[in-house]
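Down below is the structure, laid out as structure tokens.
Heads up: numbering here begins at 1 and tracks the sequence.
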Amino acid sequence: MIERFLPQTSFSSQEDFIRNLDIRVPENFNFAYDVMDVWAEEQPDKLALLWTNDKGGCIRFSFRDLKEQSDRAAAYFRSLGIGRGDMVMLILKRRYEYWLSMLALCKLGAVAIPATHLLTRNDIVYRNNRASIKAIVCCGDPEVLAHVSQAMPQSPTVKVLISIGPEVPEGFHDFHAEWNSAPQFVRPDKVNTNDDIMLMYFTSGTSGEPKMVAHDHTYALGHLVTGVYWHNLGEDSLHLTVADTGWGKAVWGKLYGQWFAGAAVFVYDHEKFKPSDILRMMEKYKVTSLCAPPTVFRFLIQEDFSEYDLSSLRYCCTAGEALNGAVYEKFRELTGICLMEGFGQTETTMTLGTFPWMKPKPGSMGVPNPQYDVDILLPDGTPAADGQEGEIVIRTDRGKPLGLFKEYYRDPELTRSAWHDGIYHTGDVAWRDSDGYYWFVGRNDDVIKSSGYRISPFEVESVLMKHPAVVECAVTGVPDEIRGMLVKATIVLAKEWKDRAGEELAKEIQTFVKTTTAPYKYPRRIEFVDELPKTISGKIRRVEIRHNDGVK
């Protein structure tokens with residue numbers, strides 16, 4: 001498959017990768033037709049999707065199955081008046097109908113807007129009206145259906161509601177009862193251009209109102225590097241990415257790049273995250289490749305790995321937040337596998353990464369993906385030298401890189417504020433070492449300025465994670481009349497330490513930080529909590545912690 005898009009498909013070094021990566025972009029590229037339907041023609045019986053759930057269900061989809069069923073779904077959607085350019089929100093958890101709907105909408109040239117099932121009525125109203133959503137396809141869970149129904153009186157653009165079941169209330173179309181009666185699918189004469197919007201996400205909202213991140217049809221092709229070269233997948237891979245389909249990471253690890261590689265996507269549809277269940281499913285189905293945010297790995301390493309046969313597991317990646325070195329080392333000790341870190345945003349594909357031919361440096365995001373011109377800029381706009389902290393930017397003066405978003409939909413001012421003068425500003429602060437590896441410091445608004453020092457929350461968190469009592473932590477700043485800001489650590493304790501929560505343990509942890517890193521960085525305030533606030537993607541919402549502390 002990848003030979004259709006790359007003149008050179010294998011690389012021996014980062015220098016080779018930089019020099020020879022050349023992704024060819026066909027005119028009017030459409031992932032569903034140009035990748036998935038081609039697999040269905042060339043290897044129709046090959047496993048494409050292995051869907052399981054926490055109730056013992058298991059369904060295997062071949063590439064032929066996905067073509068036939070996405071055609072049927074496309075015909076069904078079209079019979080309900082959905083076509084090119086229409087906005088369709090998908091609230092489908094990890095149900096297999098998500099993949100059928102994503103491919104079907106792509107075949108129609110409609111715009112898919114995946115969303116989390118945690119949205120409330122107000123969230124749905126906001127999205128419906130900001131994006132002029134025409135149709136909603138959702139799982140038939142009572143709470144989801146209730147929130148969607150309650151949003152309708154204030155959502156004038158929504159014309160079609162579809163439930164995949166099990167419940168289908170009045171006013172909703174029944175996906176499974178109706179789709180078989182749709183007419184035979186015929187490919188539309190004009191499906192899309194490369195510039196048409198294919199996919200849109202409302203950002204996970206670690207700060208401010210959600211933004212509408214619009215991607216064109218070439219975005220899928222931008223993930224070829226994500227799946228083939230960062231996840232290191234091939235046709236014999238069974239890949240699990242732990243992500244809800246409402247998060248952008250789902251298309252990083254459960255759709256585009258994996259199927260460019262011809263890998264099978266493994267899905268575990270579950271209601272509540274339990275590390276032991278994830279490990280048991282990996283053992284049972286012989287998962288070969290895993291990608292998850294650091295949050296997941298932090299909880300996995302708390303389990304007794306001797307109880308599981310993970311001999312099939314060959315390769316693991318992580319993204320979403322920077323990885324603490326202590327987690328990296330513990331996972332390697334338990335499995336013999338190095339975690340290969342990556343970095344990107346909802347606005348991009350994988351931008352920085354640790355590739356198979358590289359030696360990972362624990363805690364480093366890796367090096368630039370050659371499809372992006374990445375740099376670090378100082379506040380005055382000049383390039384940072386090695387070792388200097390600055391903002392990660394992507395240069396676009398020679399054209400929009402493959403995989404970079406099209407725009408913040410219907411918000412040209414916001415688009416210009418982030419992307420102007422040939423530079424896209426990520427808002428993330430990092431530094432680069434002499435080997436070209438990038439090291440995460442924090443979001444621009446996360447960096448703590450205390451007594452004249454700039455303190456990286458991630459750096460302090462990495463030290464805290466080395467203490468045996470700490471399972472998870474978030475470091476933020478709180479106002480102080482003398483120092484400007486104080487460093488505060490909000491900590492989730494390991495279960496065997498919970499009964500020791502209190503001033504004595506707090507002092508022990510403070511001393512540990514003081515003696516492990518520069519003393520000025522130690523957290524002068526410590527709060528023990530049962531859990532940290534997170535987005536659906538697993539990112540810690542430091543903005544919520546700051547808000548609770550009265551910090552604007």
Side-chain angles (χ1 to χ4, degrees), residues 5-6 11 13-25 194-195 201 203 211 213-226 229-230 248 252 257 319 322 341-355 358 364-409 411-445 447:
F5 305 101
L6 295 176
F11 304 93
S13 66
Q14 190 62 16
E15 292 72 23
D16 185 18
F17 198 36
I18 293 170
R19 186 169 56 250
N20 295 309
L21 178 69
D22 180 19
I23 303 175
R24 294 170 176 169
V25 182
N194 283 345
D195 291 332
Y201 279 103
T203 54
K211 299 170 285 189
V213 179
H215 286 287
D216 62 31
H217 277 263
T218 66
Y219 171 75
L221 192 53
H223 273 302
L224 188 154
V225 168
T226 308
Y229 299 110
W230 180 48
W252 279 49
E341 196 166 353
F343 165 85
Q345 300 181 312
T346 307
E347 290 87 345
T348 71
T349 60
M350 194 273 301
T351 310
L352 298 162
T354 310
F355 297 100
M358 294 170 50
S364 166
M365 298 179 286
V367 300
N369 173 350
Q371 71 196 56
Y372 294 97
D373 184 359
V374 182
D375 202 354
I376 297 177
L377 295 186
L378 299 174
D380 63 4
T382 59
D386 290 348
Q388 286 185 300
E389 292 181 4
E391 183 187 17
I392 303 172
V393 301
I394 298 171
R395 298 188 181 277
T396 63
D397 50 324
R398 289 180 289 182
K400 182 176 89 69
L402 191 64
L404 186 61
F405 76 130
K406 177 182 176 71
E407 63 189 356
Y408 292 118
Y409 187 60
D411 201 334
E413 184 176 342
L414 182 61
T415 303
R416 282 193 298 271
S417 70
W419 187 357
H420 55 86
D421 300 313
I423 294 173
Y424 166 64
H425 295 262
T426 67
D428 286 302
V429 178
W431 60 278
R432 182 182 54 241
D433 69 19
S434 59
D435 295 322
Y437 287 65
Y438 283 59
W439 298 79
F440 185 74
V441 173
R443 291 290 296 171
N444 268 334
D445 52 4
V447 175

Looking at every heavy atom in both [X] and [Y], which two are closest together, and how far apart are they?
X      : Y      : answer
Pro383 : Leu378 : O-CD1, 4.2 Å
Leu6   : Asp22  : CD2-O, 3.5 Å
Phe11  : Asp16  : CA-OD2, 3.3 Å
Pro368 : Gly436 : CD-O, 4.3 Å
Gly403 : Tyr372 : C-OH, 3.2 Å
Thr396 : Trp419 : OG1-NE1, 2.9 Å

Test item: [X] side-chain N/O and [Y] main-chain N/O as donor-acceptor pair under 3.5 Å:
X      : Y      : value
His215 : Ala220 : no
Thr351 : Thr349 : yes
Asp216 : Thr218 : yes
Lys400 : Lys406 : no
Thr354 : Glu341 : yes

Less than 6.0 angstrom separating the ring centers of Phe17 and Phe355, yes or no?
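Yes; Phe355 has its ring centre under 6.0 Å from that of Phe17.
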Does a side-chain heavy-atom distance below 4.5 Å link [X] with [Y]?
X      : Y      : result
Ile423 : Leu377 : yes
Val374 : Ile392 : yes
Gln14  : Pro370 : yes
Trp252 : Trp230 : yes
Asp428 : Gln345 : yes
Thr226 : Asn369 : no
Val225 : Met350 : yes
Val367 : Tyr438 : no

Aromatic plane relationship, Trp431 with Trp439 - under 30° parallel, 30 to 60° tilted, over 60° perpendicular:
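Parallel: the ring planes of Trp439 and Trp431 meet at under 30°.
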Hey, what do you get for NE2 (His425) to NE2 (His420), rounding to the nearest 0.5 Å?
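Those atoms lie 3.5 Å apart.
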Gap between atom CG of Asp421 and atom CZ of Arg416 - 0.5 Å precision
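Nearest 0.5 Å value for the CZ-CG distance: 12.0 Å.
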Between Arg398 and Asp373, does at least one N-O distance fall below 4.0 Å, as a salt bridge requires?
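Yes.
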Quiz question: by atom type and distance under 3.5 Å, do the side chains of Tyr408 and Glu347 form a donor-acceptor pair?
yes
Could you walk me through whether Gln371 and Leu224 pass the side-chain contact (heavy atoms from CB on, under 4.5 Å) test, one step at a time?
CA-CA 11 Å; Gln371 71 196 56; Leu224 188 154; over 6 Å; no
Criterion side-chain contact (heavy atoms from CB on, under 4.5 Å) against Tyr424, the qualifying member of Val393, Thr415, Ile394:
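Result for side-chain contact (heavy atoms from CB on, under 4.5 Å) with Tyr424: Ile394.
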Test log, rule side-chain contact (heavy atoms from CB on, under 4.5 Å), inputs Ile376 and Gln388:
CA-CA 9 Å; Ile376 297 177; Gln388 286 185 300; over 6 Å; no
